[in-house]
Structures are given as structure tokens and as C-alpha cells.
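All values below were derived from every heavy atom in this structure, side-chain atoms included, with hydrogens, water molecules and symmetry-related copies excluded. In what follows, chains are A, B, ... by sequence order, proteins preceding strands, each numbered from 1.
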Amino acid sequence: MSWSVLEALRTNPDVLKESLKKRYLSTDLVDRALELDSRWREAVTELNRLRERRNEINRAIPHASPEERQELIKRSKELGAKVKELEELVKNLSEERDTILMSLPSIVHESVPEGPDDTYNVPVRFWGIPKVPKSKLERFREETSGFDVEYRVVDWEPKGHADELELVLKQGDTLKAAQVSGSRFFYLFKDIVWLEQALVMFALDHITKKGFIPVLPPYMMREQYYLGVTDLETFKDSIYKIEGEDLYLIATSEHPLIAMHAGDTFTEDELPRLYVGVSPCFRKEAGTHGKDTKGIFRVHQFTKVEQIVYSKPEESWEWHERLIRNAEEIYQQLEIPYRIVNIAAGDLGACAAKKYDLEAWFPAQGRYRELVSCSNCVDWQSYRLRIKLDRKGRREFVHTLNSTALATTRTICAILENHQREDGVVEIPKVLRGYLEPFEAAPKEVIEPIKRLLKE
RNA sequence: GCCGGGGUGCCCUAGCCAGGAAGGGGGCUGGCCUGGAGAGCCAGUGGCCCAUCGGGCCGCGAGGGUUCAAAUCCCUCCCCCGGCGCCA
């Protein structure tokens, strides 16, 4: 049983180097890891021989005569010293090798576009009829170049989601939240609260209909398990730590939902395993100063409905396509125009072998912006957490996949811009009606401006 | 948080007090047997290394220590069960 990256290292290091080059990462580590691995194997072989000899002697001691015994103990002690020495070497070699191995990203899939950053992401399809203000026509043509996307020109300027929320509808307040908690936090009020809840229920409803098991996971995790599900870079930049405890706030329910099967072995008939997680997500957003500072597009805390699949290795690419389609169905029903982009290798996280983003059209920004991420992590997470598949005695690592179904704050942003009318009223997508109907105080068709709730 | 009892391979369990190659049962897989099935019998059923056959090393919740030798003794930590305390 082997991890695809480790197997490539030993049998076909060029494949691994190619993959790293595509990600614009150094390939030096591959040669270093190879050298460490071969030295480790040599040392382990020698260590095993020494231990074998020592064990033989130790087994003879209880049956030996008193005078033989002293001699045997002496020899065992001598061997023991050598064993200890070699154990130290083996430990150092394997630790250094494993540090490198654990830093290596998944081998990128052949269908992943080449390129160093997000400007090389490749749109694969568009859906919906975007509303394009005249002032954003040029931007729109850039964003859709190469595709024949039907669109409608509007002759008024939609408000950006932040102004719409706080100045027009007056049902959100990020200033007060900044005072209380800091930047990138928010208070949401009244209709937006109902909208948020309805979005969660709608997404949960849609995904569970497809056989996914709903899960409410722990919102904090230990470091050991955290490092099994994500790379160090993400860990440092995104994850909040609880002071004085070995606990971290989850950045997505993907993390506890994958750690949930750490150490488990599935049989073939137990796969695929489908889960849909619902949880708040906490993110430090370190290194994003100045980006999306207004409104609730990029915040430290939001609710997300997340699809998770544990699959047989040979079925994971099919599941990757299905997961993004599930997310598309949600945004089609919410009547939000979007495009799907294939993320360039240089912009890909370490766990993922391939990633699709669903980007919604934002009329006021004149841009497509990320709402959904859909990744195939192949055996990257399952290797670290030892999540196995038992094929009649032969063991393999399962593949893990994750995809947003719906993240509330960003979806609210997209609704505020796409379903905004010239008079400032926001039309609620019809599909949400059933999730608002039972509640007397909930809005049903539209969200209208109200008087400011907090002091001016 | 305190007191007590536990954690042994996929599951259950013996071994721990009193240190000396982890034993039994179940499940699963394969083989023998059978017209076929069942029963019965045999073998396999954690990770790693060398290797042609095969052999070896590690592994008893995790990490240290004592010892020629640790599932077994000592220390720290994690988790589960019971009791007390606290609590939405």
C-alpha cells in the first residue's frame, strides 16, 4: 500500500518533478527525498540485522547457565549500544524524509491548465443571462472572451452588495461589528437573517435528496488531525487557535468530516461514502489586507453547507464532476449567473489534484467571483490520516473530495447584486419560498429597505 | 475538576499482580471436501525492510523511562465507562 506521491518518488520521480514544475515549485526536494529514502532503507536493513542478532541472544539468556549468562548479557549490551546508535540515525533520516514528503503536494491531474496564478485559470462553461451595466460592458467582454455568453444590458447602476446591504436595505452593520470584534465581522438583521437560514435549509435539502448524509461536526479540532487535512501554508494563514489548548477553530466542515474517518478501513461495498456538513467556518484571512474590505464578501466567519465524498480511487474523477454539477444546480435554482473555471496548477492548493471554482457574476463589480470550490484531493488526505480501502486483503488509500454546496455570506452578496431592482428592492429567488413560508416574520417575495436599526 | 475501573490486530477476549517469541473465539478471504450448498478441515487476514524461494524487524491507546529483555514495572498525556462536583 502506498501513497501516490511516495510511489512516484520511488518508481517515477520525473512524474513528481513535472507536477512540481507545473505548480511552480522547486524540484530540489525530490532529489533530496530520494537520497534520504535510499539512505534510510540501507540503515533500516542494517538496524533490523542488529536487532535480529540481539533478539537471538536475549532469547537464549533465560536458558543459559549462570556463567554463560554473564557473557550473553555483555554481548547483548554491546549490540544494544549499536542498535541505539543506529536507531537514532534511522529516526533522523526518516524524520527529515517525512518532513519533505509531508510538504509535497498532490500530483496535478493532466487536465489542469498550466500557469503560475489565477490569471491562468480556464473557464470551462457559463450559465445564465448576466445583467451587465453599461459601464461594465468592457469588463464583461474580457471575462467571457472566447465564449458566446448571452447577456442583458441594464441602463442603471446596481449598488455593490455592501452599500445595498448597509445603506439601502439597512439590514447589516459591519461598522458596529468592527468596533465590537474587528474588521471582517458583521451583524445581519431581519430579512437577511431569514434569507441566511433559508439558504442553508435549501442547500441541505437539495444535497440530502441525492443521498448525502447530513453531519453537524465539531467546530474545533486538535492540531494532529488538522495537519492531516490541510497543508501548513493554509494552516498558518487561515486557522484560529484556542489559546492555551490544543484546539483550532475549523475553517470548513470539510476538515472534521475528513478527520472523522481517520484510521478507518472501508470495504468496497461501503464506498462511496457521501456526507453533507453544515457548520460555521472561521478564517483568519491573513495576507488579504486591502482585498474586499467592504461588506461581507470576505469575512472571518460564515456558515457553509459542504459536500464530502470518500470514493474508490478509480471513481473519484467521476465524483469530482458530479459534485460541481450539484453546486451548479443550486445556483441555477437561485437564478444566479455563473461560470465554472478550471484552476491553474500554480493556483492550486497542496491537497488538491484538480479544482473547479464556481464563480458568480457580480453586476456592480463587473466580475465573476468565487462562490464555490470543488476539489479532488485524491489520496493526499487519506494517506496522512490512514483512511484505507480493503480490497479482499489488498489495501489502498481512499480518495477524498470536497465541494461547497453553499456558503451563506457570499451567496447573499450574489443575491443582493443579481436580484436587485432599480428601486433598491431585492427579489428573493422563488426556490427559497418554501423555506420562508412557515415563518410569519420572514420575507416571502422581496427584501425592502427599512429604517436603520442601530443609531445613526 | 476529583475518585475509581478500563483501552490487546477487522470485532470480542486471555495474558498484566509475579518481565522472557501475543494465545483463544468470531467475522472476512482463499483452499480442500461437495452434484451444489452447509458443516468440517487447512491457510491467510497491521506496518516496514531485504529478497528468487523465503526471511527478518517493528507493532498491545500515544510518547518517554527502567532492563540483557516490557502488553507486563515507572512517568507524562489522550480517550472510553462508572461515581461525585459544575452546568445550557
Side-chain angles (χ1 to χ4, degrees), chain A residues 1-11 33-102 216-229 241-248 256 259-271 273 280 310 312 379 381-398:
Chain A
M1 178 172 63
S2 184
W3 178 31
S4 54
V5 171
L6 182 56
E7 198 169 293
L9 177 76
R10 284 178 174 173
T11 62
L34 260 179
E35 190 213 324
L36 286 165
D37 189 48
S38 82
R39 281 174 58 198
W40 172 81
R41 288 157 95 165
E42 236 170 75
V44 157
T45 306
E46 177 59 23
L47 174 62
N48 285 349
R49 263 198 290 268
L50 283 176
R51 289 210 270 226
E52 181 183 5
R53 276 164 56 202
R54 188 188 55 167
N55 288 346
E56 277 166 10
I57 292 168
N58 286 347
R59 281 193 288 266
I61 288 174
H63 316 292
S65 63
E67 54 274 17
E68 281 171 339
R69 181 170 297 207
Q70 286 318 308
E71 174 59 21
L72 289 173
I73 288 174
K74 188 174 154 240
R75 281 172 55 199
S76 178
K77 272 187 173 173
E78 284 165 11
L79 274 173
K82 280 188 199 162
V83 164
K84 205 156 194 173
E85 213 173 285
L86 210 54
E87 274 174 346
E88 188 69 20
L89 175 66
V90 164
K91 193 178 155 209
N92 289 340
L93 287 170
S94 65
E95 268 175 10
E96 199 184 335
R97 180 199 59 181
D98 291 344
T99 302
I100 294 172
L101 278 179
M102 292 305 260
L216 211 61
Y219 301 159
M220 301 179 205
M221 288 169 59
R222 293 210 175 95
E223 180 172 79
Q224 184 200 337
Y225 290 89
Y226 230 115
L227 293 176
V229 293
K241 187 179 195 317
I242 303 295
E243 191 182 330
E245 308 210 33
D246 177 27
L247 283 175
Y248 297 80
M260 182 164 78
H261 282 301
D264 289 353
T265 302
F266 290 98
T267 52
E268 287 196 76
D269 59 321
E270 288 171 326
L271 296 179
R273 233 354 200 260
Y310 293 79
K312 295 182 201 175
D379 59 357
Q381 294 173 318
S382 61
Y383 168 71
R384 296 173 163 225
L385 292 173
R386 306 289 130 130
I387 307 171
K388 291 154 283 183
L389 166 61
D390 187 340
R391 299 193 122 131
K392 305 193 196 318
R394 197 164 49 86
R395 278 176 171 74
E396 289 177 27
F397 290 109
V398 306

Between the side chain of A:Asp379 and the main-chain N/O of A:Ser4, is any donor-acceptor distance below 3.5 Å?
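Side chain of A:Asp379 to backbone of A:Ser4, a donor-acceptor pair under 3.5 Å: yes, one is there.
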State the dot-bracket string of RNA chain B. Criteria: Watson-Crick or G-U wobble, both atom distances under 3.5 angstrom; notation: ( ) intrastrand, [ ] crossing earlier pairs, | interstrand, . unpaired.
((((((((.[[[[.)....(..]]]]((((((.......))))))(((((...)))))..[[[[[..)....]]]]])))))))....
Distance check: side-chain N/O of A:Arg53 vs OP1/OP2 of B:C57, anything under 4.0 Å?
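Answer is no, no contact under 4.0 Å.
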Is there a side-chain contact between A:Asn48 and the phosphate of B:G55, meaning an N or O under 4.0 Å from OP1 or OP2?
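A:Asn48 to B:G55 OP1/OP2: no side-chain N or O under 4.0 Å.
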Calculate the interatomic distance between [X] atom [atom1] and [N] atom [atom2]; express it in whole Å.
X	N	atom1	atom2	result
A:Lys388	B:U45	NZ	P	15 Å
A:Arg384	B:G47	CZ	C1'	19 Å
A:Arg395	B:C10	CZ	P	7 Å
A:Glu46	B:C58	CD	P	14 Å
A:Glu56	B:C57	CD	C1'	12 Å
A:Arg49	B:C48	CZ	C1'	15 Å
A:Glu87	B:G59	CD	C1'	14 Å
A:Gln224	B:G61	CD	P	16 Å

Apply the test side-chain contact (heavy atoms from CB on, under 4.5 Å) to residues A:Met220 and A:Glu245: give CA-CA distance (whole Å), side-chain angles for both, the deciding distance (0.1 Å), then the verdict.
CA-CA 11 Å; A:Met220 301 179 205; A:Glu245 308 210 33; over 6 Å; no
Contact pattern, 5' to 3', of nucleotides 64-69 of chain B - B, S or - by protein heavy atom under 4.0 Å
----BS
Using a heavy-atom cut-off of 4.0 Å across all strands, would you classify A:Arg39 as base, sugar-phosphate, or nothing?
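Nothing, no nucleic acid heavy atom in range.
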Please classify the nucleic acid contact of A:Thr45 as base, sugar-phosphate, or nothing, using heavy-atom distances under 4.0 Å.
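Sugar-phosphate contact only - A:Thr45 comes under 4.0 Å of backbone atoms but never of a base.
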I want to confirm an ordering. Mapping A:Trp40 and A:Arg59 to their closest nucleotides on RNA chain B, which one lands closer to the 5' end?
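Here A:Arg59 is the residue nearer the 5' end.
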Which residue lies more 5' along RNA chain B, comparing A:Arg51 with A:Val44 via nearest heavy atoms
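Nearer the 5' end of the strand: A:Val44.
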Do A:Ser76 and A:Asn58 pair up side chain to side chain, a donor and an acceptor below 3.5 Å, judged on atom types alone?
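Yes - a donor-acceptor pair under 3.5 Å links their side chains.
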Atom of A:Leu72, atom of A:Ile57 and distance for their closest heavy-atom approach:
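What the structure gives for the nearest pair is O-CG2, 3.5 Å.
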Would you name the heavy atoms of A:Ala43 and A:Leu89 that are closest together and state the gap between them?
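Smallest heavy-atom distance, with atoms named: CB-CD2, 4.2 Å.
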Suppose you measure atom C1' in B:C3 against the same atom in B:G19; what distance do you get, rounded to whole Å?
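Comparing C1' positions in B:C3 and B:G19 gives a spacing of 30 Å.
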Stacked cation flag A:Arg386 on A:Tyr383, 6.0 angstrom / 45 deg
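Judged by the rule (NZ or CZ under 6.0 Å from the ring centre, within 45° of its axis), A:Arg386 counts as positioned above A:Tyr383.
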